[in-house]
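Since the structure comes first, as structure tokens, the remarks are kept for the end.
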Protein chains: 2
Amino acid sequence: MMTERIAELLLNGQPDAKTQIQGWVRTKRELKDFTFLEINDGSALANLQVVVNTDLADYAEIIKGVNTGSSVEVRGVLAASPAKGQRIELKAEEIQVYGQADLETYPLQKKRHSFEFLREIGHLRGRTNSLGAVFRVRNACSYAIHRFFQERGFMWVHTPIITSSDCEGAGEMFHITTFDLKNVPVTEQNQIDFSQDFFGKPAYLTVSGQLEAEVMAMAFSNVYTFGPTFRAENSNTSRHLAEFWMVEPEMAFCDLAGDMDLAEEFLKYIFKYALETCAADFEFFNQRIDNSVLATAENIINNQFERVTYTEAIKLLQKSGKTFTYPVEWGLDLQSEHERYLAEELFKKPAIVTDYPVEIKAFYMRLNDDGKTVAAMDMLAPKIGEIIGGSQREERLDVLETRIKNQGLDVSDYWWYLDLRRYGTVPHAGFGLGFERLVQFMTGMANIRDVIPFPRAPKSIDF
Amino acid sequence: MMTERIAELLLNGQPDAKTQIQGWVRTKRELKDFTFLEINDGSALANLQVVVNTDLADYAEIIKGVNTGSSVEVRGVLAASPAKGQRIELKAEEIQVYGQADLETYPLQKKRHSFEFLREIGHLRGRTNSLGAVFRVRNACSYAIHRFFQERGFMWVHTPIITSSDCEGAGEMFHITTFDLKNVPVTEQNQIDFSQDFFGKPAYLTVSGQLEAEVMAMAFSNVYTFGPTFRAENSNTSRHLAEFWMVEPEMAFCDLAGDMDLAEEFLKYIFKYALETCAADFEFFNQRIDNSVLATAENIINNQFERVTYTEAIKLLQKSGKTFTYPVEWGLDLQSEHERYLAEELFKKPAIVTDYPVEIKAFYMRLNDDGKTVAAMDMLAPKIGEIIGGSQREERLDVLETRIKNQGLDVSDYWWYLDLRRYGTVPHAGFGLGFERLVQFMTGMANIRDVIPFPRAPKSIDF
């Protein structure tokens, strides 16, 4: 008999239908004439209630063997459930117990556990309601990202994880080596002899796939990356990970306005898809984790995002009458408190700030005609601040060379990046979205380590 | 005016329709009364032919400015094409040249280039017919993988890239560190003081996400990974990469037979999807790269795969009358020549070999009742050999502990992996597919470095 997914039975299962399920016992309630087992297979937040009558063959032995955490296969007949909040239940005719779970030692007995504790049992926490819901939403968002871009003819490109250059200057990098660390070879000049290392030169974990995505966009027009990126920053916060996934679309023949249009359409699409696919999980987040997540999602889906220039934003902040910790002055970067004021208090919806001062943005962002600002954009969302950052890229060879030099970088390191401007250059633009920030934002989870299955952070590399 | 993709126009464009395209000039042919431009935007192998009449405003200047490699935007009217092999062409009414490409220095002038040379200009090679076709097929396969699993309720799980253990013993690993390599701290016992490193212990690039995928399958039943994995092997061959993408599904409540069924269904699905989506690219491979790729694809799609045990396979090899370089004897691993004989000469279709001797397989593979073999499977394909490797996993705690000890590994390193057998263990199985091997196999490309945008190999880390 084919096993059916509990999500499917909860939705479409019909009374009197024979079925088979497989999953893990969440709870057992023994009554006089029967026992209730709540079974979960990870396909849905809700369990399927199994009713085991005492006349089942080997009843006593089976019920003794199943506790919270046990794995079972149940065959039986569906029936309309008299219980509140569930449409259907399963009357067991045959139960096979695959694996037991000792009452005394199984760490996930039925009670609330702190997220800190659950991180210590990262190999089991997916079996809880909250982490189960998070990972289902994470999966829905992941697939939605691919659907969004593929439906629009974008090519998924796999940019390299191992790289030889910190092209973006985006942050601290992890070093990759096959050297014996106790015995690193040095040259006669007492420099590390990287010619003897695996790649023949210093190698790092990538901080962004953007520059390589630009390469691909110059051949395939519209591309996107979706893969892991890394920061070796010693930031032990609830919003930083050393290893996280990033989405980076890159479009040829596109300017900043087109970039913003795509970013807005993209974010709305992902939210819509996740809400439709994981409705019960969102109800759970709204009730148990953060009672604003549904309102936030609706806000994003239903509003046209505000667009203001950085220069306007500075004026609005100065006129706000608010006292900020960090100064508000043209030329200084916006801080989290400023971003949140704009999105949450002033506009009460997502806002895109554009055209930042050239001094505070990366060298590859296109210089505007005023010579003072670049065609950058940051999308700010209520409750989280910056969720997307993007720009039109500098496509003019001479301007780009000057920008690279002005930042004290070596032009020869960028020979291939400059070649893209030398041969058939085009206006192009793209953006980056930190995937875990998105999932954190969506679900209302307080700590980013609880939205990725196996978080990596300073001194944290378990499982 | 909205830009249209050339792939779409070639397929569905109607005569007399106004349109706009953007792309790169592949060739220019100047005739007396007009000039032909072949434009490519990466969406299709074929170019769109643009006809530029001499009466176009600024004709001389425009035509002088466009050469192979230039980027242009063309607005005009579609017309049925009198030329052979193309249904439609575009009569230009307006041309904007975005970027020129110098005739003398642009490396991709219209002629055949060796794949070795193209690797040196990895930032431009996507603009050639062959690499363009490869990356379109790569994208189609990537998306097909997600569609296949998501349609079947599998959850995509992001297993960690940075890991603290060589759980599988699968190969040489890259070390990750933030130490100053010239000044690695040592303890009083003259050991490297990893407590001072970023993660507080030795850290590596993952060789497989399987063990973590098992964690997730024990909560969500059916999951898959699709992400980068790494080998620090000094193998400078046409079939090895230091960084490559791997697909690893893992199914709870699944045995080896179910694993094989899924693997066969999976491979057929990917081939079908790629063939349908990239028909012109496959025609190109068949004509220009390897004239057996279409036959190979049909062979895979239309045949039921052969299934034999290792023990039977050994007998078949011994009876073959063939002279092999490596010995054929029960207990020795199958070599590439043996695998190819079975798939290509004997069965003439993909074959799955099962139940290998326990000594030559990994510790996590389930011990069969004979005590001599494990529930492993290797899928062998004509022309390439092993394409998929999988197994039913050992779900019995005591047997698994013994297997770990027998391989000289430390049981305490596997505490969380063993917990999965301690609490609600279930029969489960999965497999791994090397993604670049698949694309190489499909396209007939001779070197695996030509099926990934930015290959990483010993002494090779450009771009």
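Chain naming here is simple, since letters A, B, ... match the order of the sequence lines and numbering starts at 1 in each.
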*Checking L205(A) against chain B: side chain, backbone, both or neither under 4.5 Å from a heavy atom?*
side chain
*Please look at V184(A) and chain B and tell me whether the side chain, the backbone, both or neither of the residue comes under 4.5 angstrom of a heavy atom of that chain.*
side chain
*chain A contact via F135(B) - which portion, at a heavy-atom distance below 4.5 Å*: both
*asked:* Counting only non-hydrogen atoms closer than 4.5 Å, does Q22(B) touch chain A with its backbone (N, CA, C, O), its side chain (CB onward), both, or neither?
replied: both
*Which atoms form the tightest heavy-atom contact between S195(B) and K459(A), and what is the distance?*
O-NZ, 2.9 Å
*Are F253(A) and D41(B) side-chain neighbours, meaning at least one heavy-atom pair lies under 4.5 Å?*
no
_What part of V186(B) gets within 4.5 angstrom of chain A, counting heavy atoms only: side chain, backbone, both, or neither?_
neither
_What's the separation between atom CG in D197(A) and atom CG in L181(B), rounded to the nearest 0.5 Å?_
8.0 Å
*Below 4.5 Å, heavy atoms only, C-beta onward: do P458(A) and F198(B) meet side chain to side chain?*
yes
_Can you tell me which portion of M218(B) sits under 4.5 Å from chain A's heavy atoms? Options are side chain, backbone, both or neither._
both
*For the residue pair H158(B) and F435(A), categorise the inter-ring angle as parallel (less than 30°), tilted (30 to 60°) or perpendicular (more than 60°).*
perpendicular
*asked:* Can you tell me which portion of R396(B) sits under 4.5 Å from chain A's heavy atoms? Options are side chain, backbone, both or neither.
replied: neither
*Specify whether W415(B) and H123(A) have parallel, tilted or perpendicular ring planes, treating 30° as the upper limit for parallel and 60° as the lower limit for perpendicular.*
perpendicular
*What residues, two or more places apart in sequence or in another chain, satisfy side-chain hydrogen bond (donor to acceptor under 3.5 Å, both in side chains) together with Y106(B)?*
R127(B)
_With rounding to the nearest 0.5 angstrom, report the CZ to CG distance, R422(A) to D102(B)._
10.5 Å
_F199(B)/F174(A) aromatic ring centres below 6.0 Å_ = yes
*asked:* Does the plane of the ring in W156(B) sit parallel, tilted or perpendicular to the ring in F226(A)? Use 30° and 60° as the thresholds.
replied: perpendicular
